[in-house]
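Heads up, the thing below is written out as structure tokens.
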Amino acid sequence: MEMCLVGSQWGAAGPRAALYALPAPAAAARPSSLSAVPAVRPPRPSPSRSMAGLGGGLAAFGRCTHAVVRALPESLCRQALRSVAGPEVDFARAEREYQLYVGVLRGKLGLQVLELPADESLPDCVFVEDVAVVCEETALLTRPGAPSRRKEVEAMKRALESLNLNIVEMVDENATLDGGDVLFTGREFFVGLSRRTNQRGAEILADTFKDYAVSTVPVHDSLHLKSFCSMAGPNLIAIGSSEAAQKALKTMQQMSDHRYDKLTVPDDAAANCIYLNVPSKGHVLLHRAPEEFPDSAKVFEKLKDHMLIPIAATELAKVDGSLTCCSVLINKASE
Amino acid sequence: MTTEVGSETEVKKDSEQLGPDKAKDKPEETSGTPGDQKSRETSSGEAQDSSVPAPTSQSSPSSQKKEKSSPESKGISRFLPPWLKKQKSYTLAEPRDEPKKKATGEEQVVEESVSQALEGVAQPRRSLEEATENRQNDKEKHSVSSAEIQPSKEDGKETEVEEVAEKKEETQEEKEKRETKEVQTAEIKIDNIPKKSPKKIKTVQCKVMLLDGTEYSCDLEKRAKGQVLFDKVCEHLNLLEKDYFGLLFYENSEQKNWLDSSKEIKRQIRSLPWIFTFNVKFYPPDPSQLTEDITRYFLCLQLRQDIVSGRLPCSFVTHALLGSYTLQAELGDHDPGEHSSDYISEFQFAPNQTQEMEEKVAELHKTHRGLTPAQADSQFLENAKRLSMYGVDLHHAKDSEGVDIMLGVCANGLLIYKDRLRINRFAWPKILKISYKRSNFYIKVRPAELEQFESTIGFKLPNHRAAKRLWKVCVEHHTFFRLLSPEQPPKAKFLTLGSKFRYSGRTQAQTRQASNLIDRPAPYFERTSSKRVSRSLDGAPMGISDQSLLRDFSATGGQAAGDKIIDLEAAGQAKLKDGGREEDESPLKTPQLELTQDGKKKGDHIFQVKTLPGKEKQWITMPWTAGAKPEETDKRHASRAEGPCTGVSDADKSSHETLDIVEEKKQAEFGIEETLVVDETNKGKMQVATDAGETCKVEHVSKKDSSSLPSDSSSSSSSSESEDEEVGEYHPHHRAIEEVIREEQEEEEDMKRKEQEENTQHVEAIPEGSKLNVPVEHTQVTAEDLVQDNTVTVATEEKNLSEQIKQDVGEEKEEEQLKLNGDVSHIDIDVAPQLICCSEPPVVKTEMVTISDATQRTEISTKEIPIVQTETKTITYESSQLDGNAAGDAGVLVSAQTITSESISTTTTTHITKMVKGGVSETRIEKRIVITGDADIDHDEALAQAIKEAKEQHPDMSVTRVVVHKETELAEEDED
């Protein structure tokens, strides 16, 4: 098991960064070597005025005011798309897990949660992440790779319009994109090219979010890019241990001008977590419950600076769901 | 004017089509184009067929080439004695041999090379003498040759002027040196220079388009170097931190070139009008580190242009935000009374500005109340610098499959884009070598984890000049952002091919240092309103239309030159006057200009590639040469296949062989590298054995050695001026080691650490004492197959240092870290008191893999491995006095220095390393003597002499190791 403890580095993470952190021993040695570097001049103090542009830098990463979720339809149990056949979804339990999830976002973290009603004709509609990518004030409504899911976009569109976001729709019929394939690091996008997402979809995403570099990462063995990775903090990528996950991480390392720290967890599915920066609570991390992934949970527990909230997703996981899939997080500048 | 502009496209087409024909009449103008086309034909025919088309077009192209090569004095030809030059013609015969060779396999290659080598043995000497002579005459030649290019009326004056000009240059150089410390005084000096020699000098009027849309003009001495003009412009702008900027000239609508400040302007722009554009050349990654506000202001102006032209894509929100800072900087606080609702539409913020955006800009402008202009600029930059395309210089290319891609050069390395998506990235530390050959551009990258071979990745540029331009930009960016000081141009070893271009300005590190010394009150400057750059009726920004205007000029100018009719200066000036007027008339004119631009200006409309009508034409369809082609083999092809480009036909054997030798000579340098590697292997086997990355590092050292050889400055500078070199190489790291900027080294460290990790594994895997891993990385040995090359290494040291001495000096810290990590790489392997190690004949495994997509990397397999047989012998004599403490103790490097000296046949590199190890300081001197030469050098004697000298020079030290590495062409048996 590889892992690196990075909690202490957050303060030091400056605007310059090169590549990803290497496995544990190197990362352990890094902070000292970094601080020993003489020539980095601290950036000039600039007028203390926060900017709206470009995410306002790292400080704003994980800030979130609104969340869009969608209730699960009963049709999910039998009709939801799934990559491997397996035990049927226990609807009651799935709903309890979902309610806990929404409860955390709304109650514990104080987000304004927009809950869309379930649509029985759309068995996968609970996975709202796939139908919209929101970054700052702009939302890209996707064209999901699975034709059966395309109608899910409509309700999302209305919800996002109600939030006054700049909405871009993916109309190109050659393009497909699932939000689950989009990893936004705060500095750039990685788009997994999977069975659900193609090059054209990635191009449209790049067109929509012109400020950021958009790099493509092939995804072969999993449903989505985020099936085995996600952001666990500003500059911190949680990544699974499987060969495919590690390979994808290498690709991302190579493509990026930035260096990210990585948090390697034994289970790919556990690498899908939700990081939030909540004003009153600091770093918050929603991760899969210890009952599901005990080893991975231990890794998360080493993140001392994070407020950790374990959430089980045993039922939705049966239909390839995980934590990030069930919400679209939005940071609306206060108006 | 409108009509004229409208017809520009057609005119250009014509000139394109006519290009080759015109070339016959006017070689110096169009030389690039026909040359390219020919070489394209050539290479598309896989080099073999080139002999077929050649005879028909011989007479004119050959004379053209000759004519061209002598005035340009580039590459070899300038060093070649006349009798050698003639033999270019014989190279035509060469390609015919190619297929045969291929068919019969390597043996034939070897045989042939034997005979060549035999006959050639005596010739380098002669050529050497000749070359020296040539060098002496060099200057003269230059003036003559440049005169050839000029209209004849100037001939008389030229010599007269020359002396003065030279003096000027000297002063100029002196000035540059002082500049660091006395910035301001230096500035004043420039002014004085022209006054010293006022009337003798023929002057030319120069126009420079500035970033604020204004135009600066001045008179320049005709032979002035780029620096003179650049300094004048910076002085005019009151700009001290000028190293981030440069002057551009446009070859045609989409080909912009940076004016090299170390070279004469005239030689660079040739027949183009003297019109330049002042632009940011190196975008500082962190503008807040610039010292002066005025510098930031110019950077802002550049970025505003970049944004409005679409070169720097932004989202809606960012457009609005940046626009609002622009307003704040130029108008100050929002004033509801003064600023009526539409005040904003006079400004241009984005390529496609909407009402909505303007409203957003206005809204944000109100929030900036209280920001000073300088603060607003800073905020502008803070946001702009985060844009992903900030400072990325894009070049069109095709990948191995002919797919259109873009290569972006930036501070961190090279980025590969397909459409809008980044598909790969090569950070500078990953790149070992950058080269171009004809219209191909290559980068050699470190092997990825678990890969053994360095891979070379090739890209197809639209033409040769584009390839060279990209190469130069890469060299410059690498030097500027990653080195502490620019490196010297490669030595002008006699008979070398290729461009010697190196970045000659200050690096970012140097310029930061220099600007720390700036001590003047913040200069007053006026922020010109962006309204100047603002939209006219149609929304085309003035700045841009100015540029297209320029293009218009250059196109016309170029054509004029082609027809030998028009006095260029006059033409240029006349046009410029038009340009002046145009500012007022712009509303009418701009639309057309814009249109033309759209059709032509590829470079600036990055992502519109597919829709541009003119595109197909520029992308000469040429099959990408076989994806997996060994580089070295390629090189040898080149030495033959490129022969035909020189375009003469006769076949006299002896002399074309000589040319081959010439080519091989150049490649012999690689032999030296290789030698070093092997040598290194003996010292610390695990270091090299299987780790290609490490090998490369070692390679750098040797490269550094060779590049620091004394060089004939005049020849090197002039040869690098030639714009038509077919090839160029640059090793981003070879001087690296101490020089690479530490703070920006993190990536490299990562890489190294990885390497070290790999090493560890390898060490575990390799049985102690096994030496068979040596030949692994002989990627470059091919070169040696025709030349014998003897390398003698004498290592003198007080104590035996078992670990690798050449470990990067600048990275001892890292070394320590490695120790911390329990790295095993410092194990002493030289346990055997006496080692005599004869490595096997190295099998050269060179493979060229073409990858443009990072994700494909791991799937690539070797397709073609040429096997070239050479005999390489490495003999190590090891003194038995080893002290045992070496194991595991890395010691701390105190100092290291390298001294290189060169005589005709030997190159001596002395490496002095001081280390503190376990409290004891030890000095190790390592001498590397490379004896390159013919049979009649007695190598044994030379070796003995070298050892003797070494002993004499350091009586208090003992010789602990002698490594003789001998490379002999295999079949040549009379030479041991």
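The sequence lines fix the lettering, A, B, ..., with proteins before strands; numbering per chain opens at 1. The model shown is predicted, which means the values in this text are computed figures rather than measured ones.
Aromatic ring orientation, A:H258 versus A:Y260: perpendicular (interplanar angle above 60°, classes split at 30° and 60°).
Looking only at distances, a side-chain donor or acceptor of A:N198 sits under 3.5 Å from a matching main-chain atom of A:T176.
Annotation: A:F184 is in aromatic contact with A:Y212 [ring centroid separation under 6.0 Å].
At a 4.5 Å heavy-atom cutoff, the contact between B:L415 and chain A is made by side-chain atoms alone.
Residues A:E161 and A:I167 form a side-chain contact, since some pair of their non-hydrogen atoms from C-beta on lies under 4.5 Å apart.
Near-neighbour residues of residues 220-228 of chain A relative to chain B, defined by a heavy atom under 4.5 Å from a heavy atom of that chain, are none.
Ion pair A:R143/A:D172 not flagged as a salt bridge, since none of the NZ, NE, NH1 or NH2 atoms sits closer than 4.0 Å to an Asp/Glu carboxylate oxygen.
Among the candidates B:I307, B:L322, B:L327, B:V308, the single residue satisfying the side chain to side chain contact (heavy atoms under 4.5 Å, CB included) test with B:F349 is B:L327.
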